[in-house]
Protein chains: 4
Amino acid sequence: MTSNRSTGRPRDETLDTAIMRAAIDLVDERGYAAVTIDAIAERAKTSKTAIYRRWPKKAAIVMEAFLVAAEPLITPPDNLPFRDTVIAQMTALAKFFQTTPGGRTITDLIAVAKTDAALADAIRENWLIPRRTVACAYFQAAQKAGELRDGIDTSALIDALYGPLYFRLLLGHDAIDRSFIEHIVDMAMMGIAPNQEKSS
Amino acid sequence: MTSNRSTGRPRDETLDTAIMRAAIDLVDERGYAAVTIDAIAERAKTSKTAIYRRWPKKAAIVMEAFLVAAEPLITPPDNLPFRDTVIAQMTALAKFFQTTPGGRTITDLIAVAKTDAALADAIRENWLIPRRTVACAYFQAAQKAGELRDGIDTSALIDALYGPLYFRLLLGHDAIDRSFIEHIVDMAMMGIAPNQEKSS
Amino acid sequence: MTSNRSTGRPRDETLDTAIMRAAIDLVDERGYAAVTIDAIAERAKTSKTAIYRRWPKKAAIVMEAFLVAAEPLITPPDNLPFRDTVIAQMTALAKFFQTTPGGRTITDLIAVAKTDAALADAIRENWLIPRRTVACAYFQAAQKAGELRDGIDTSALIDALYGPLYFRLLLGHDAIDRSFIEHIVDMAMMGIAPNQEKSS
Amino acid sequence: MTSNRSTGRPRDETLDTAIMRAAIDLVDERGYAAVTIDAIAERAKTSKTAIYRRWPKKAAIVMEAFLVAAEPLITPPDNLPFRDTVIAQMTALAKFFQTTPGGRTITDLIAVAKTDAALADAIRENWLIPRRTVACAYFQAAQKAGELRDGIDTSALIDALYGPLYFRLLLGHDAIDRSFIEHIVDMAMMGIAPNQEKSS
DNA sequence: CGTTAACCGAGACGGTACGTCCTGTCTTTTC
DNA sequence: GAAAAGACAGGACGTACCGTCTCGGTTAACG
């Protein structure tokens, strides 16, 4: 046990959420780099001390706030057809990224993670891997059910589907809309589907 | 011609390259965030003045240095078969990203671009779009030659191929090796190839 | 009471004096213009932040340091004869100017004050006027006691006595010694003394 | 002979005056410290090069400009009474200091001279000593003519008269007007005049 | 029911980098 | 060879944040 601290003034737990709320709002308003700890403290009507007592650095606050803001893991419903399930999942993710303060934050975090190994680990372990695990399970089930041809690397498949989405999100060179998602899925699908024949 | 300024001491053009060289080396050694303008000036044996006369901020120096380093990368598509050509291009890009100082820099630039609109524009216009244009032309030629089935959005195709690559590059959750590239290409290929037949 | 600020970490008051000490020593060693804020911070073993929190500019630091150094200089006029009192005061001032770090500083301050109205005000209000007020009171008492002839403008008298002293101090064209002070006083005295008669 | 340079483009002698004019005007407008060499060059519609070819530093330009602007040495007319002559000389000096750009500059020069020994020398040799020499001669003649009592140190007398004037000029604590000058002269006079008697 | 210990706010602390400004020198073309 | 234009190295400026610290003052559970 790390601490069974019993005496002393207990932490004000409303502060945790107030700080994360302030952090994620400010990041959404100004962009990650332009947000200072002082500004977060001011917005949350608290002090730097209270913040540093909870998190070691800005990235950690924003990371936790992002995870809280993120939708809980959704296991894909089994009843829909394969294509519809994949499109629904990708659409939900795109919507989260594009319409919520928390979602817009992930790109900043990914960006900063390039110079912050601890943050990179946190993103992978708390965001990426859980989602990949779910997706992987779904695809392997589909594979077993004969919906995917043999020889598909499910890990590469996940990247083939979600990679383009993150790519446009991070580079911003083109829209992430229904049409784009369908194109990506269909291009993958027809390669994934078994039983295809080709004339050379 | 941008300027026909004739009087006054001309700029020392060796300084331009010296500064960019220093910048990109330092970024490679210490990481983008840890590099200061003073350090660049010292490494390039010049002064901050000379640097600020040329570029408005660190990102601009590094961006130009990156572009110079990446210049020789554009290889005209050769006469190989479609699949080989695509794999060769992607492999070359992956190699640039992973083995050269300039290449390792792009992720930092993409990161910073999230809070620097001018840099984001610069990346799109000077790096991304030129490459996409070349790729687009290649794919459209292939389409005309009957190597792609109808209905393929070449823009989405580019993202389907390169998106996964950038995705792993930026998130670092898995390796970018020969096998991965082949998986991505093959998944795309088999959906792209015309004349396929499927039994549902 | 200047402030009843109660919260927050209190200022380290030893820093105030350490900074002023460093400032005035450096000015004495190198001359006002050659002293930098960084050098003061280094000498005082503190940071620029701490200095700028207290004073807005170099002149303000040095001004306050000068005043602190000059504080003990104000000696109440004693019971000596008029001429002796005046000579004693002028000698004390000359000695302060010529032999102490703080005293040598005043000329630099007067210099800078020519392009710094706030400093000029500070010098007048905190240095010049207090001393003139004391001197003025002394001369008016003497006037009442019949030691000065009527029609003497005490303000002009002060300038007549101290003006030559500052003049030589600032221009440095000649020595400020006992003999000079006596000459000045005697020239003034004989014009000031009422009812004087002289035999050639 | 220093140089009988015959070849090459001759110096543009109008530039000398243009630069000095610009320098002294700018000092008058903004104060010595706020004037930069670049600003002088711009105002004089010339370049820094041309300035540095002529003078080694800002102080030297301004010093020479001041001397040019200063009235030529005036030997006091013999025909006036002693008191009138002295008052006329002091009034002329006060007027120069207070109403002309050049005159307002001297205080800045004296100020800067405290940290510039070469300038201090220049001021003494080119401004102060010539004037003191003339005044000294005048007072010694007066002394011989019996207008001054014995034992007067003419050097101290000059300081007693002009010191208060420079003092008010430099400190700016009070006006330099006709009344002030008369007070100073009269206080000195009555001490200087031999054999004087006073009623009441 | 007082002690105790951690919390809270406010803000000072040492430190680092910033981007600007000025200095005095230099390098080039033009006159 | 001077003039003009402007680039050059160097160095101080004053500002902004960082992450740490020191205060006076809560706020509960423990004893």
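No experiment lies behind these values; they were computed from the predicted model shown. Just so we're on the same page: letters track the sequence lines, and every chain starts at 1. Reckoned from all heavy atoms, side chains included, excluding hydrogens, waters and symmetry mates.
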Distance-only criterion, 3.5 Å: show the donor-acceptor pairs between side-chain atoms of residues 37-51 of chain D and protein atoms not counting sequence neighbours.
unit_1: R43(D); atom_1: NH1; unit_2: E29(D); atom_2: OE2; d: 3.1
unit_1: R43(D); atom_1: NH2; unit_2: E29(D); atom_2: OE1; d: 3.0
unit_1: R43(D); atom_1: NH2; unit_2: E29(D); atom_2: OE2; d: 3.4

Ignoring hydrogens and angles, write down the donor-acceptor pairs under 3.5 Å from the side chains of residues 118-126 of chain A, residues two or more places apart or on other chains.
unit_1: D121(A); atom_1: OD1; unit_2: R124(A); atom_2: NH2; d: 2.8
unit_1: R124(A); atom_1: NH1; unit_2: L171(B); atom_2: O; d: 2.9

Determine whether L67(A) and M63(A) satisfy the following criterion, side-chain contact (heavy atoms from CB on, under 4.5 Å), listing intermediate values before the conclusion. CA-CA 6 Å; L67(A) 290 173; M63(A) 182 69 213; 3.8 Å; yes
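Sequence neighbours left out, the pairs with a member in residues 103-118 of chain B that pass salt bridge (Lys or Arg N to Asp or Glu O under 4.0 Å) are D28(B)-R104(B), K57(B)-D116(B). Residue pairs satisfying the ring pair (Phe, Tyr, Trp, His ring centres under 6.0 Å) criterion with at least one member in residues 18-64 of chain D, sequence neighbours excluded, are absent.
Salt-bridge formation is detected for the pair D16(C)/R54(C): a Lys NZ or Arg NE/NH1/NH2 atom is positioned less than 4.0 Å from an Asp or Glu carboxylate oxygen.
Looking at residues 12-43 of chain B, you'll see D12(B), L15(B) sit with a heavy atom under 4.0 Å from some atom of DNA chain F. Near DNA chain E, meaning a heavy atom under 4.0 Å from it, residues 52-65 of chain A has R53(A), R54(A) in order of number.
Checked against salt bridge (Lys or Arg N to Asp or Glu O under 4.0 Å), R53(D) has no partners two or more places apart in sequence or in another chain. Every residue meeting the side chain to side chain contact (heavy atoms under 4.5 Å, CB included) condition with A111(B), not counting sequence neighbours, appears here in chain and number order: A111(A). In this view, R30(B) satisfies the side-chain hydrogen bond (donor to acceptor under 3.5 Å, both in side chains) rule with no residue, not counting sequence neighbours.
When all heavy atoms are compared, the tightest approach of A23(B) to V62(B) is CB-CG2, 4.5 Å.
For K48(C) and dG14(F), a side-chain-to-base donor-acceptor distance below 3.5 Å is present, hydrogens and geometry of angles not being considered.
Between the OG1 atom in T17(D) and the CD atom in E64(D) there is a gap of 10.5 Å [rounded to 0.5 Å]. Rounded to the nearest 0.5 angstrom, I24(D) CD1 and I19(D) CD1 are separated by 13.5 Å.
Close to dC7(E), at under 4.0 Å from its OP1 or OP2, lies a side-chain N or O of R11(A).
Side-chain atoms of K58(B) come within 3.5 Å of backbone N or O of V35(B) as a donor-acceptor pair.
As judged by a 4.0 angstrom heavy-atom cut-off over every strand, T46(C) is placed among residues touching the sugar-phosphate backbone only.
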List, with names and distances, any nitrogen or oxygen atoms from the protein found under 3.5 Å away from nitrogen or oxygen atoms belonging to nucleotides 27-30 of chain E.
unit_1: dT27(E); atom_1: O4'; unit_2: R9(B); atom_2: NE; d: 3.4

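Taking the C1' atoms of five terminal pairs at each end of the helix from dC1(E)-dG31(F) to dC31(E)-dG1(F), the two resulting helix axes are inclined by 10°, rounded to 10°.
We find that CD1 of I51(A) is positioned 13 Å from C1' of dC17(F), with the value rounded to whole Å.
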